[in-house]
Structures are given as structure tokens and as C-alpha cells.
Protein chains: 2
Amino acid sequence: MSRVTIADVASAAGVSKTAVSFAFNSPERLGHATLERVLGVAHDLGYAPHPAARALSTRRSGTIGVLIPQRLSTVFANPFVSELIQGLGELCEEHDLALLLVPPLDGSLEAAIRHASVDGFISLGLSPHDRAVEVLDGIGIPTVLIDSDESSTHPVVNVDDRGGAQAAASHLLGLGHRQLAIVVLPPARAEMSYTPTATRRLAGYNAAIEAAGVPAPQSVTAGISVAAGMRAFESLPSGASRPTGVLVMSDMAAIGVMKAAQTAGMRVPGDLSVVGFDDLPLSAWTNPPLTTVRQPIVDKGRLAARMLIERMNGKSVGSPAPLSTTLIVRASTSEARNLDLPNDRR
Amino acid sequence: MSRVTIADVASAAGVSKTAVSFAFNSPERLGHATLERVLGVAHDLGYAPHPAARALSTRRSGTIGVLIPQRLSTVFANPFVSELIQGLGELCEEHDLALLLVPPLDGSLEAAIRHASVDGFISLGLSPHDRAVEVLDGIGIPTVLIDSDESSTHPVVNVDDRGGAQAAASHLLGLGHRQLAIVVLPPARAEMSYTPTATRRLAGYNAAIEAAGVPAPQSVTAGISVAAGMRAFESLPSGASRPTGVLVMSDMAAIGVMKAAQTAGMRVPGDLSVVGFDDLPLSAWTNPPLTTVRQPIVDKGRLAARMLIERMNGKSVGSPAPLSTTLIVRASTSEARNLDLPNDRR
DNA sequence: CCAACACGATAAACCGCTTTAGTAAAGCGG
DNA sequence: CCGCTTTACTAAAGCGGTTTATCGTGTTGG
């Protein structure tokens, strides 16, 4: 009843285990007759080499791992990850690799890493100094970091977060907004503070804002989900210091902000301009369509996978230049209304 | 420079390999002093058991596989899959499992299956008679089918597709629509025709339509994406036989249909009513918000994972009752206009 | 004082495959 | 007919863990 092994095939075909192995991996080393016979027997018996045994022998598992810093249910609520996987997937399929999603095991990402049988890792949003990344190095598994900080030891695939954020802020400022708020990305892991990405985007926002000589904006942290965006809106200051424009670091949260604003009776963009970040496909269908900063997520995944595969093949590769971001102006932003009425607007 | 093995730790700590193994797996079998020492040495050396070796020995990989019948880039363009993974992920994390995405390898799903080192498989949309599923059986890997046909050999997790579809069609018919069209799901694999799911939904639509004594609707097949939905709209009949309502088997395609209709100058729902299937989160934000059939996708994933894990633990489980679906009426459907000029209601 | 018995640690077999080194037979030129 | 190379196939040694059976040893009970 148990699995049929190479030895079973060998004895059934009257040859050695080696011959069976050769039949699959180096067919040219076998005589034509035996090759046929072995393959035939193997097929009849439904033989499939045990993947773990094969991996142990060849030191290759045919799998690359994706380090998921949080619970799968929260991470996959963000379409960003789907996009990324589309990119990774393309390269994986091209190279006959499977994709292993590695979430924290029993709360510990490090433990999960040790258990994962992969040829390489892709890390999402983790700093190069994160303990998980150090474990990776300790084991000596090739790794590529996405959305991280520059690192001398790992290739890092980034987009121009700072430039994109700056463009977003300039856009709002150009429309006459003076009272702004920022919705910041959540930390990748509980222990951390700002993610590398959040830090860069913040810098971009602030650069534009300071250059315009406008008061420093309030900032709120929100998870990457519509619900979190809604909560973020609630915690924005109201009254006189109410912002007329809000810069959100993710499209999902931006949609939440719009939704909450609308249910609070405000009009977007009439009463509140919102600009997101990512340009997810769905951001074009929202109501109103979201003004946002486009980053090439699929490309990012593709590029990261390509670099990882090269590293797995022994080539040493450096970090590529950050991919460019572009502001996509849709309908969630408009000129600030009655921006300096002598006394309170409303 | 190569990986540190259990033998390295053993000799560094002056004990046998067995002792090191015990230190991790049966700490109670070691004296307190040695236990501490071994763990200390292991930590200093950065030892991590080789996952493949461990898997070979224990016959457990700590991984469950998700059989992806198509390219990752097309499958993950559909938020349905993200939702499902959220459900699967919850259970996986609870049981300390990782999730392996297994797309066709070199075009062959069967080949991919053989290479995957997993303890169990979840199949998406494949018939129980699919060759891939047969390979699974041949190897003897526990498997749970999602969106499949009833099977005596495997647990199947389904929703009430037929009932949901019937409700959707009844909704349109109740609004006075007489000229309908159906947008059918694409085959899961190139070889197949209708998927089990598509067959059931079609039956549901038709049951309602026939009961209403309305002419049989046109049907078009469209992939699960906005772009495919747009193309589907294009290929709908125009002129006198133009449908006033369209039943779409996926929300993504439904959104595409709406979008294409709008860019063609039609108003939704004024000129065309559209009802989708799935109730993806984003379907609530579209313009107009989409009327659709809600299916509990996350629950589906959770349930499937739970059943698989039980099967992996040796318990034999049967198929659960189909999860229920409910029609969610939003704003993409309205009464049919001027349907027969003389006596039109409305 | 000796048999009985936990206790702590180990040697060796095993998991299922790949691969190196090697052997027997066949082919070949001289 | 002999040495030399090919060809076709195999034995056995890993790969890096786990696990079973065993073995000293210091403790006890009778």
C-alpha cells in the first residue's frame, strides 16, 4: 500500500536502481531496449520519484520561497501581493519552479525559514538587518529583497518610492491644498517601526511639503486594507485643522479613506482629495477613480525572480536601479476649495 | 563553507548524532546538562536541520500544495484566489504548515505534482476524473477538491452554485428582463470543456429561465478578468436581439462587461443590467456597485484546508454539504426598460 | 551482595534517490 | 588472437536526518 520506490521498479524491470535513475535523468546512458522497458514498468507501476529524496540527493528542491512577514490572511487581502506573485510566477514557470509561501510558523518567521525546503528566498518588505534575513544568511540560501534598504550582501529590488511620493504631494500642493495628512504603511513585523518603503515615501512627501513651505502634516498609521483606511479617516483631525487632502501610502487604505469620507457625508474630491500609492488594477474602477502613484508591481516580481534565479545558478548579481514610479491622475483629487476664506469654511 | 550538518554539531558538542537529534525532537530523553550544551553548540554554529533530509526521514514535509491549473499570472489576476488563500492560510498557520503553489511545470500539471514535496494537495476546479487527480491518487497523496464534481474517492468542497445562479437569473427575470445573455467560465485546462462549476451555474440559470418561459439566452465564454469581460461584451449580439440583462459567472468578467458597456455609451443598469458571481470585496466599490451572488470564498478555503489536514492525520472524511450562496443586490441591475412598448410596466 | 531497573547516551539501520567508480562484454584495429 | 576502447549496466557510497535496539552505569529492592 505504500509508495512505490525506485527499488520496486528496478526489481520489477530486472535492472539495478541505477538503471532506473538513468532512465529518467540520463536516458542516453541506457540501451534502447532497457530504456523502453524501464520506462514502461515505471509507468505501469505509477512510479514517481520521492521529491524529498531527490532534493536531498541533488541539493535542489525546485522551489523558491516567498517570505511572508505576516499572516497570510492579512497579506493576501492586499492585491499588491497577487500582482507580485504574477510576476514571480512568470519566471517560476519559465524555469520550472514552484512557489512556496512561507508565513511565520508558530509566530516565528525564523523557524518557518528553517523548515522550508527551497533553493532561494524572496523577502517582502524586510530590512536587510531583520533577524529573519540573518538566519537566511546563516544557512547560506540565496536571497533577494523586495522593498528593503540598500544592502551590500543582497540584491534589492525597489521602486522609486521617494520620487513617487514627492510627485503625489506636489500634485496636491499644486492644486492648492495646504492642510494635508499622511496615512503611513504599517510595520512589516510587530517589532519594527517604519518599513524601509514607508520611510522613503515619507521622505518624498515631506520633501515636497517642506519645499512648499506648508505646515507639517499629521500622520496616521493604517494597515493595508479598506477597513484600516476607514479607521484611519476616523482618526484624522476634524474641525479647523481638518486636512483637505490626504496622502495615503497604499491604494487599499486610500479606498478606505474615500469610503469613510463619503459615508461621513463628505464628497471626494469636492471636500477631500485623496491620492493613493500602488495603482492596483481595481483603483481604476473605484468611485471616484483613484488618483495614485503607479509602481510596476508585476515587473518588480519578475525582476526579483530573475535575479534570484541567477543567484541560484551561482552568478553574483548586484541590485538593479529602482524601477520608476509615475503619478496617475484620476478623479479623486481636485483643487482645494475656498482655501483661504477669512474665517471658517464649511 | 557548506551547510552545517547534524554531524558537525555532534562532534563539536562531543556527542552522537542521535543526541543532537533528540535535543530537538525528544529533549526529555537527554540529560539536562547535555541538552543545554547541544542546543548551545547548535545555536552557535547556526545549525538548521536540512528540510529535505528531515522530510525524507519523517515522511512529512510540513507543506500542503495548491494545484494551480493554469499559469500563475492568469490565476492570480483573479482575486478569488487571494481570498481562497486567505482561508487556506488561516488553517495552515494554525497547523504550522507552508503553502506550495504548484502551477503546470513545463505545461504539465502531472509532472509538477510529481516534483512537489507536500503532505497533501488542494485542487482548484479540476474534475475528479482529471488526469492530474489520477496521478495524485496513484501516488497516494491525500487530496481535497474545491469546485469539483461529487466524488466517492475524495472530499469535495463546493458552494451551492446552482442555487446561486438560479437566484441571479430569477432576479433579472423578476425585473422584467426577457432578453438575457450568459457569460460562462473558461475551462480550467485547455483540454476540458465546461468546468464542474460552470456546468452547475449554467443549470441554475437555465432552470430559472426555462421556468419563466423565456427564450434561451445566448452564451459566451470569457476568462476571469476584466479584459476578458470586455471582450465578452463585444461579442454579444446587438440590434434587435441585444440582451437587456447579462448573467456573468465571475465578478471580474462582470466588471469588464459593465466597463465595456459604459464605454460603448450604454448606461448600467439603465440600458443593461449585469449580475456577477463571487462577491469579491472589490465588487462593492465598482461603479455602479455590482449586483452579484455571494459565495463564502474564505470559508471555502478554510473548510478545504481543515478537511485536508484531517485526511493527512489519517482520519477519513466525507464531503461536506455545499456552502450556501446568496444574491447580493446592488446597483448594477434595474427593471428592464421599454420591453414591449404597448403594455410596458414602469 | 546480587539481580533488577531506570537512565543517559550511542551504533547502526533506514528513508529513497543520485552519482561515482568500476566491471563485464562487445567492438575493433592490427 | 590480443590489447584497447566503447557500450551497457551495476555496486556501493553518499545526501542529512530519524529511530530502533542496545549498552554501560549508577541506584535500588530483596
Side-chain angles (χ1 to χ4, degrees), chain A residues 1-39 41-42 45-63 114-119 138-141, chain B residues 1-39 41-42 45-63 114-119 138-141:
Chain A
M1 186 63 209
S2 97
R3 183 166 188 136
V4 32
T5 94
I6 199 175
D8 300 333
V9 177
S11 71
V15 295
S16 68
K17 296 192 308 178
T18 311
V20 180
S21 182
F22 281 166
F24 288 98
N25 306 313
S26 324
E28 74 283 358
R29 296 190 56 173
L30 249 40
H32 189 65
T34 17
L35 175 58
E36 296 288 285
R37 180 161 39 96
V38 170
L39 289 179
V41 171
L45 264 48
Y47 168 69
H50 193 298
R54 190 193 183 86
L56 180 57
S57 245
T58 60
R59 286 110 178 295
R60 286 201 141 247
S61 63
T63 301
R114 300 177 192 282
H115 280 68
S117 181
V118 302
D119 298 332
I139 305 182
I141 296 186
Chain B
M1 187 60 210
S2 99
R3 184 164 187 138
V4 31
T5 96
I6 199 175
D8 300 332
V9 177
S11 72
V15 295
S16 69
K17 293 193 311 177
T18 312
V20 179
S21 182
F22 281 165
F24 288 98
N25 305 315
S26 323
E28 74 282 359
R29 297 191 54 172
L30 248 42
H32 189 67
T34 17
L35 176 58
E36 296 288 285
R37 181 159 39 96
V38 170
L39 290 178
V41 171
L45 262 48
Y47 168 69
H50 192 298
R54 189 193 184 88
L56 179 57
S57 249
T58 60
R59 288 112 174 293
R60 286 202 141 246
S61 64
T63 301
R114 300 177 190 282
H115 280 67
S117 182
V118 301
D119 298 332
I139 305 183
I141 296 186

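Letters A, B, ... are given to chains in the order of the sequence lines, protein chains preceding strands, and every chain is numbered from 1.
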Quick one: does any side-chain atom of B/Ser26 pair with a main-chain N or O of B/Glu28 as donor and acceptor, under 3.5 Å? no

Tell me the interatomic distance from A/Arg54, atom CZ, to C/dT18, atom P, rounded to whole angstroms. 5 Å

Classify the nucleic acid contact of B/Ala48 as base, sugar-phosphate or nothing, counting any heavy atom under 4.0 Å across all strands shown. sugar-phosphate

Regarding A/Ser21, tell me which of base, sugar-phosphate or nothing describes its non-hydrogen contacts under 4.0 Å with the strands shown. base

For DNA chain C, what are the stems built from at least three Watson-Crick or G-U pairs in a row, each pair having both distances below 3.5 Å? C:1-30 with D:1-30

Heavy atoms only: give me the nearest A/Ile139-B/Ala48 pair and the separation to one decimal. CD1-CB, 4.1 Å

Identify, between A/Thr58 and B/Gly14, the residue whose nearest nucleotide on DNA chain C lies closer to the 5' end. B/Gly14

To the nearest angstrom, the CZ-P distance between A/Arg60 and C/dT19 comes to 12 Å

Rounded interatomic separation in angstrom, taking CD from B/Glu28 and P from C/dG8: 11 Å

Taking only N/O atoms, report every protein-nucleotides 13-15 of chain D pair under 3.5 Å with atom names and distance.
residue, atom, partner, partner atom, Å
D/dG14, N2, A/Ser57, OG, 3.0
D/dC15, O3', A/Arg59, NH2, 3.1

Which pair of non-hydrogen atoms, one from A/Pro51 and one from B/Ala116, has the smallest distance, and what is that distance? CG-O, 3.3 Å

At 4.0 Å (heavy atoms only), tell me whether A/Ala33 reaches a base, stays on the sugar-phosphate, or touches nothing. nothing

What is the distance, to the nearest angstrom, from the CZ atom on B/Arg114 to the P atom on C/dC17? 12 Å

Would B/Thr34 and B/Val15 count as a side chain to side chain contact (heavy atoms under 4.5 Å, CB included) if you check the C-alpha gap in whole Å, the side-chain angles of each, and the deciding distance to 0.1 Å? CA-CA 8 Å; B/Thr34 17; B/Val15 295; 4.2 Å; yes

Regarding B/Thr18, tell me which of base, sugar-phosphate or nothing describes its non-hydrogen contacts under 4.0 Å with the strands shown. base

Every protein N/O within reach of nucleotides 23-28 of chain D N/O, cut-off under 3.5 Å:
none

Donor-acceptor pair, side chain of A/Arg60 and main chain of A/Asp119, under 3.5 angstrom: no

Would you give the length of the straight line joining atom NE2 of A/His50 to atom CZ of B/Arg59, rounded to the nearest 0.5 angstrom? 6.5 Å

To the nearest 0.5 Å, what is the distance between CG (A/Asp8) and OH (A/Tyr47)? 9.5 Å

Between CD1 on residue B/Ile6 and OG on residue B/Ser16, distance to nearest 0.5 Å: 8.5 Å

I need the A/Ile141 CD1 to B/Arg3 CZ distance, nearest 0.5 Å. 6.0 Å

How would you label the contact of A/Val20 with the nucleic acid (heavy atoms, under 4.0 Å): base, sugar-phosphate, or nothing? nothing

By the 4.0 Å heavy-atom rule, please label B/Tyr47 as base, sugar-phosphate, or nothing. sugar-phosphate

Roughly how many Å is it from CZ in B/Phe22 to C1' in C/dA12, rounded to a whole number? 13 Å

Grab the CD1-P distance between A/Ile6 and D/dT10 for me, whole Å please. 12 Å

Hey, are the side chains of B/Arg54 and B/Asn25 touching, using non-hydrogen atoms and a 4.5 Å cut-off? yes

Nearest-0.5 Å distance, CZ of residue B/Phe24 to CG of residue B/Leu39: 5.5 Å

In Å and rounded to the nearest 0.5 Å, what is the CG to OG distance from B/Leu56 to B/Ser61? 11.5 Å

To the nearest angstrom, how far is B/Glu36 atom CD from C/dG8 atom P? 14 Å

How long is the line joining CZ of B/Arg29 and P of D/dA21, in whole Å? 11 Å

